[in-house]
Amino acid sequence: MSQRHQPSACPSCEEPLESGDLFCGACGYDLSAVPPLPEDRPTVVMGSPVGGAAWPADPAGPGREQPFGDRPSGPPATGAPGTAGPASTAGAAAVRFDARAAEAGAGDFELPAPDPAARPAPAPGTAGEPWGPGTPVPPPAARPAPHAHVPEPQAGTGTPAAPAAPVEPPPAPVQPPAPVEPPPGAGGVPDPRAVEHTATPPAGTRLCVACRAGHVDRDGYCENCGHAQPRERDHMEEELGAVAAVSDRGLRHHRNEDAFAVSSTALPDGSPAVVAIVCDGVSSATRPDEASAAAAAAANESLLAALPRGTHPQTAMYDAIVAASEAVNALAGDGDDGDAMEHDPHHHRNAPACTLVGAVVAGGLLVVGWVGDSRAYWVPDDRSGPPARLTEDDSWAAQMVAAGLMNEAEAYADERAHAITGWLGADAYELEPHTAAFKPDRPGVVVVCTDGLWNYAEGATDMARVVPPDAARRPLHSAQVLVGHALDGGGHDNVTVAVLPFAVVPAGAGSA
């Protein structure tokens, strides 16, 4: 014996119901007006004027249904659209689209009217449909307000009012369907997911190098995929025509603690002056990357200010190293423990520190200056002439050799060989800038580099062997080749090199 459908909760206020309730005890909702559950179907027919009518079969065969939203996990909703209740959750059913309209490429899917033959006959004693196939659907009836009693159909309408045979209410109000968009990319409609990621980022933001979609946060990680981004200083290149420099993080370090500065200016007589500065941060000190950057910038600015005034290049180089030292010393008071450093002079231990080497070509002179173990080499264009190392390291090995306690091979084989004895920083024992001036008698190039390069080409002859023959004409290419040589050798350290061509008129050449 069939029984009337009894919902478990009131369709109007969701009050739990008990078996046999005819009205909701909370809001008085007439439970006889609750329509029975429709037949279980995999999809909800869209565009049919009769609830539950079957859509005509597609002649192309099965498999033409496209789900819209999530498939239902239970029976279709029984409440009217928009009615609060357990069965009116968004995306609780799938929507059937007409595949033929999709194939036509239409922006909106126009659904044909249901076939009258496929429509079920009206139930005995119920009113027939007031419209035929193809007739526009009349506006939906007003939705009954919550807590309102739905009146029984009046006599004479063709619908019996006997309580034993509850009458289905009028069709639920049909909400205007939202515009159905075609699949992403169809009909010229852009994929919203792509639009979201390819939108122009705010000024000053970077896109991830991995996913090319997410923005990079302040810590250097992609907000979309979490990929760590390469730092700006991981690989740097600069060329000014008369000088070029390349710096690379190397293969073993997690950041690049080297820095460089290249520039050119004019002397009072109008002749050019070219500058190259290379700095290497001391890894055992705090913030070595900041120290090298500050020293390179300060030394470069000092030279660009002094040379146009007519200051002798060697004097200008000495003053530039002093300015670089002051810039690094200032970093010692920038940390969180700056107050402690003021009251305790010994607190400067492990303060930011770096080495420096620079070269200036001006007025027919080649001037070099340095503190630490970064080096400068002279490599003539005519490789039949001898190359030379222009600097002496401030290191433990160099001191052993200078004191005659070890030969060079023994000193540099010791594990203490690269321990520096001079550097720029607040905890340096004493600042002793070294400068030297040369007047080469032939054209060539000056290679200004950190130990990340010269560890793989230590002697002057070794360095000359890896410098390209056209270095004077292609300084940037030569710097790239030299960095590549260090990386091919293992790249155990940061690598920075500047190539500075030196052109000279042989007449009157000599050594200063």
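The line from CG of D493 to OG of S283 is 6.5 Å long, rounded to the nearest 0.5 Å. Annotation: the span from L251 atom CG to N494 atom CG amounts to 10.5 Å, rounded to 0.5 Å. For the atom pair T265 OG1 and L303 CG, the distance stands at 10.0 Å (nearest 0.5 Å). With rounding to the nearest 0.5 angstrom, the NE2 atom of H254 is 10.0 Å from the CG atom of D234. Of the inter-residue distances, the one linking Y377 atom OH with D462 atom CG reads 8.0 Å to the nearest 0.5 angstrom. With values rounded to the nearest 0.5 angstrom, L356 atom CG is found 5.5 Å from L424 atom CG.
A donor-acceptor contact shorter than 3.5 Å is absent between the side chain of D470 and the backbone of R473. R233 places no side-chain N or O within donor-acceptor distance of the main-chain N or O of D248, the cut-off being under 3.5 Å. No side-chain donor-acceptor contact under 3.5 Å links Y456 to the backbone of L487. Under a 3.5 Å cut-off, the side chain of D393 and the backbone N or O of S395 do not form any donor-acceptor pair. Without hydrogens or angle criteria, S302 side chain to A299 main chain gives no donor-acceptor distance under 3.5 Å.
A salt bridge does not link R442 to D382: none of the charged side-chain nitrogens sits closer than 4.0 Å to a carboxylate oxygen.
The two residues Q314 and T435 come nearest to each other via the heavy atoms NE2-OG1, 3.2 Å. Counting all heavy atoms, side chain and backbone alike, L307 lies closest to L267 at O-CD2, 3.8 Å. Closest of all the heavy-atom pairs between A298 and A323 is CB-O, 3.8 Å. For the residue pair D373 and H418, the shortest heavy atom distance occurs at OD2-O, 4.2 Å. Considering all non-hydrogen atoms of both residues, A464 and R383 come closest at O-NH1, 2.9 Å. Across all their heavy atoms, P386 and W378 have their closest contact at O-CD1, 4.2 Å.
Using a 4.5 Å heavy-atom threshold, the side chains of V401 and N407 count as separate. Contact check for P268 versus R309: no side-chain heavy atoms found under the 4.5 Å cut-off. The side-chain heavy atoms of W423 and Y429, taken from C-beta on, include a pair separated by under 4.5 Å. For the pair V495 and D258, the minimum side-chain heavy-atom distance is 4.5 Å or more. Side-chain contact check for E237 versus Q480: some heavy-atom pair is nearer than 4.5 Å. L365 has its side chain within reach of H312: a pair of non-hydrogen atoms, C-beta onward, lies under 4.5 Å apart. Using a 4.5 Å cut-off on side-chain heavy atoms (C-beta onward), V278 and V497 make no contact. When side chains are defined from C-beta on, E257 counts as touching R255, because their heavy atoms get closer than 4.5 Å.
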Start with the C-alpha gap between C279 and S374, add the side-chain angles, then the distance that decides, and say whether side chain to side chain contact (heavy atoms under 4.5 Å, CB included) holds. CA-CA 7 Å; C279 297; S374 294; over 6 Å; no
Start with the C-alpha gap between S247 and N256, add the side-chain angles, then the distance that decides, and say whether side chain to side chain contact (heavy atoms under 4.5 Å, CB included) holds. CA-CA 8 Å; S247 181; N256 189 0; 2.8 Å; yes
Where do V216 and L207 land on the side chain to side chain contact (heavy atoms under 4.5 Å, CB included) test, with the steps shown first? CA-CA 6 Å; V216 180; L207 287 181; over 6 Å; no
Can N224 and C211 be said to form a side chain to side chain contact (heavy atoms under 4.5 Å, CB included), step by step? CA-CA 8 Å; N224 181 50; C211 67; 3.4 Å; yes
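A donor-acceptor contact closer than 3.5 angstrom is absent between the side chains of E432 and H434. Checking S263 against N300 by side-chain atom types alone, a donor-acceptor pair falls below 3.5 Å.
Relative ring orientation between W454 and Y412 is described as perpendicular, the plane-to-plane angle rising above 60° on a 0-90° scale split at 30° and 60°.
Within 6.0 Å of CD on E392 lie no more than 12 heavy atoms contributed by other residues, nucleotides or ligands.
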